Amino acid sequence: MDDLFNAQEIWKLGVLGILGVAAFIQTLRSAQFPMVFIGAMLFISTLGLTEDANRGSEYRTWLFALQVNRQLVYMVCAGMVMLGVAIHASRISTRTVPGLGIGMMLLGVYMGLITIFHSGPIAGLLAVALSVFSVGTMLIFLASQMRSWDEIMTVLRVFVMVGCLWTLACIIQFLIDQTMLTTGFSSRRFVGLTGNPQHAAGFAAVMATVGFWIYVNDSSKRWRTLAVICATTHVVFVLWTASRTGLAMTVMGFTGVLYTRLGRSVFLAPVAVAVGYGLLLVAEAMGVRFGFERLVSTDDTRSHKWTTLIENGMASPVIGVGLEDAGGSENGFLYGFASFGIGVPIILAILMLATLGVCLRLIKARFDTPNPIGKRLIDLTLAFFAMYWAGNMFEGFGVARISPQLCFFVIFACMASSMFAIIQDEAAMAFEEASETPADDYPAPIRA
């Protein structure tokens with residue numbers, strides 16, 4: 001603990017303290033400002049400690065103090081969001097709190113209760129409190145912040161800002177010591193500031209997709225500039241991870257973005273491709289080696305892990321064997337089964353079916369809204385849910401307690417719920433306007 005507060009790290013904590021005071025004052029003034037802390041929670045959720053078996057030590061990036069205190073900082077950010085909710089309680093509405101988000105919170109509560117058997121009551125109850133407080137806070141706040149299509153776009157702009165900050169943090173680490181950004185013995189795979197290449201790939205895939213969506217749909221030049229930086233750098237990150245899952249998720253996301261914008265994107269996409277290709281050349285010139293041969297490889301790297309997860313789950317089917325002894329994380333359902341027993345894959349299956357139901361409603365709602373941006377936001381939301389559940393088949397997204405995928409899922413669930421309310425309000429407004437319009441402009445005939 002002493003190394004965390006030495007002379008080299010104390011200035012960072014001092015800066016955070018000053019920023020915290022300024023943020024508190026701004027929270028008193030603006031009901032929307034806590035959205036900054038939602039972005040901070042997303043950023044903090046990406047931080048993880050990577051252990052190098054060959055070195056027998058942890059990777060220490062320039063954000064090491066945040067990485068080791070990730071859970072505490074994450075909860076502090078959630079607390080600031082809750083403070084904003086309490087201060088501006090009169091503007092809070094629970095009308096659009098999504099059932100999917102509540103289900104994800106209950107999944108965290110269930111895993112926390114099972115943790116009591118593995119790690120003791122304190123660890124289990126802390127896990128329960130973490131899930132209820134962090135996810136519950138996000139649900140309550142976001143339900144009141146997306147009452148129009150423009151406000152939903154504001155949330156996506158926060159994504160872009162977080163993506164650019166994450167890129168900047170990785171660039172700083174690259175300039176300090178680039179070996180801290182990669183792991184592996186035979187091929188150095190990008191991990192960024194996360195715990196492993198798969199986590200980095202999943203995060204970068206979603207960030208690239210959202211950045212690309214803002215790039216082709218936002219009318220603001222400033223945000224489009226930031227979006228192209230976010231999208232292109234995170235595509236590079238996906239390629240650098242050499243993750244086939246991440247690449248597949250990126251393709252699915254971009255397909256959703258281009259679904260209705262293919263005509264215009266024909267002219268815009270080459271710019272993004274050119275910038276991305278330029279970044280690849282620069283990175284390679286600086287010594288970065290991309291594992292492209294792994295991306296096109298047909299090697300089976302999952303079956304053995306899946307077998308191990310099934311065997312460990314069957315050894316203790318009710319409460320599992322715990323996260324540390326699960327034997328892998330290459331499938332969310334099996335990872336949950338091995339770690340916490342049969343209850344987790346059942347809950348995940350229910351959530352997946354519920355997500356399918358929400359997606360079917362979104363497809364119908366897409367035809368009901370006359371707003372073109374609304375249609376494209378629905379396309380993006382559908383793409384994300386497809387990315388999440390496809391990625392969950394090859395990585396343990398659903399079991400993570402603090403992860404960018406959990407943040408993404410909660411935010412997009414709130415977006416979907418808000419979309420239904422917005423479209424309902426549009427229909428009500430159209431009906432009122434129609435009822436106020438006279439049937440014709442001619443006076444009624446005079447009868448004898």
Side-chain angles (χ1 to χ4, degrees), residues 8-9 11-16 18-20 22-23 35-50 59-70 73-74 77 155-182 190-195 197 199-215 218 220-241 246 250 272 275-276 278-288 290 403-404 407-408:
Q8 298 178 354
E9 302 290 346
W11 69 270
K12 300 175 186 177
L13 298 176
V15 170
L16 288 177
I18 295 173
L19 292 176
M35 193 65 217
V36 172
F37 293 105
I38 296 291
M41 292 174 69
L42 176 58
F43 183 88
I44 293 299
S45 70
T46 66
L47 303 181
L49 287 174
T50 304
Y59 279 31
R60 297 202 170 199
T61 70
W62 72 282
L63 292 176
F64 180 71
L66 283 179
Q67 289 174 306
V68 296
N69 293 285
R70 179 178 69 156
V73 178
Y74 189 82
C77 291
V155 175
L156 296 180
R157 287 171 173 173
V158 172
F159 277 30
V160 169
M161 184 60 68
V162 172
C164 290
L165 288 176
W166 203 79
T167 297
L168 177 62
C170 290
I171 291 174
I172 292 174
Q173 183 57 54
F174 186 90
L175 296 176
I176 296 173
D177 182 2
Q178 63 173 291
T179 62
M180 295 293 103
L181 293 174
T182 57
F190 178 77
V191 296
L193 306 174
T194 68
H199 291 174
F203 170 74
V206 178
M207 277 299 176
T209 299
V210 173
F212 187 51
W213 190 95
I214 291 291
Y215 171 60
D218 204 315
S220 169
K221 289 185 177 180
R222 178 183 63 180
W223 284 107
R224 288 180 61 193
T225 301
L226 292 175
V228 75
I229 294 172
C230 175
T232 52
T233 55
H234 282 78
V235 167
V236 171
F237 292 154
V238 171
L239 297 176
W240 196 357
T241 63
T250 306
V275 173
L279 289 174
L280 285 175
L281 294 179
V282 171
E284 288 184 341
M286 297 178 69
V288 175
F290 296 96
S403 76
C407 293
F408 288 143

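Since we're looking at a predicted model, the values are computed, not measured. The figures here come from the full heavy-atom set of this structure, side chains too, leaving out hydrogens, waters and symmetry mates.
In this structure, the side chain to side chain contact (heavy atoms under 4.5 Å, CB included) partners of Met35, at least two apart in sequence or on a different chain, are Ile38, Phe141, Leu142, Val155, Val158. Under the ring-ring contact (aromatic ring centres under 6.0 Å, His included) criterion, Tyr74 pairs with no residue, sequence neighbours left out. Listed by chain and residue number, Trp166 satisfy the side chain to side chain donor-acceptor pair (under 3.5 Å) test with Thr46 (two or more places apart in sequence, or in another chain). Listed by chain and number, the residues in a side chain to side chain contact (heavy atoms under 4.5 Å, CB included) with Ala208 are His234, Val235, Phe254 (sequence neighbours excluded). By the side chain to side chain contact (heavy atoms under 4.5 Å, CB included) test, Leu168 is found to be paired with Ile172, residues two or more places apart in sequence or in another chain being considered. Residues satisfying the side chain to side chain donor-acceptor pair (under 3.5 Å) test with Gln173, not counting sequence neighbours, are none. Annotation: side chain to side chain contact (heavy atoms under 4.5 Å, CB included) contacts of Val36 (sequence neighbours excluded): Phe33. Partners of Ser403 under the side chain to side chain donor-acceptor pair (under 3.5 Å) rule, at least two apart in sequence or in another chain, do not exist in this structure. Evaluation of the side chain to side chain donor-acceptor pair (under 3.5 Å) rule for Trp213 yields no partner, not counting sequence neighbours.
Side chains of Val210 and Phe408 form no contact here, defined as non-hydrogen atoms less than 4.5 Å apart.
Residue pairs satisfying the salt bridge (Lys or Arg N to Asp or Glu O under 4.0 Å) criterion with at least one member in residues 157-169, sequence neighbours excluded, are listed as follows: Arg157-Asp218.
Looking at every heavy atom in both residues, Gly39 comes nearest to Val162 through O-CG2, 3.5 Å. The shortest heavy-atom contact between Trp223 and Met161 is CH2-CE, 3.9 Å. Heavy-atom minimum distance, Met207 versus Cys230: O-SG, 3.6 Å. Of all heavy-atom pairs between Val191 and Thr182, the closest is CG2-N, 4.1 Å. Of all heavy-atom pairs spanning Val238 and Ala204, the tightest one is CG2-CB, 3.6 Å. Annotation for Cys407 and Leu42: closest pair CB-CD1, 3.8 Å, computed over non-hydrogen atoms.
For the atom pair CZ (Phe237) and CZ (Phe203), the distance works out to 9.0 Å, reported to the nearest 0.5 Å. Annotation: the span from Arg70 atom CZ to Leu47 atom CG amounts to 7.0 Å, rounded to 0.5 Å. Rounding to the nearest 0.5 Å gives a distance of 10.0 Å between CD1 of Ile44 and CE of Met41. A distance of 8.0 Å separates OG1 of Thr250 from CG of Leu239, quoted to the nearest 0.5 Å. Of the inter-residue distances, the one linking Phe64 atom CZ with Asn69 atom CG reads 9.0 Å to the nearest 0.5 angstrom. Atoms CD1 and CG, on Ile214 and Leu156 in that order, are 5.0 Å from each other to the nearest 0.5 Å.
In terms of modelled atom types and a separation under 3.5 Å, the side chain of Trp62 and the main chain of Asp177 share no donor-acceptor contact.
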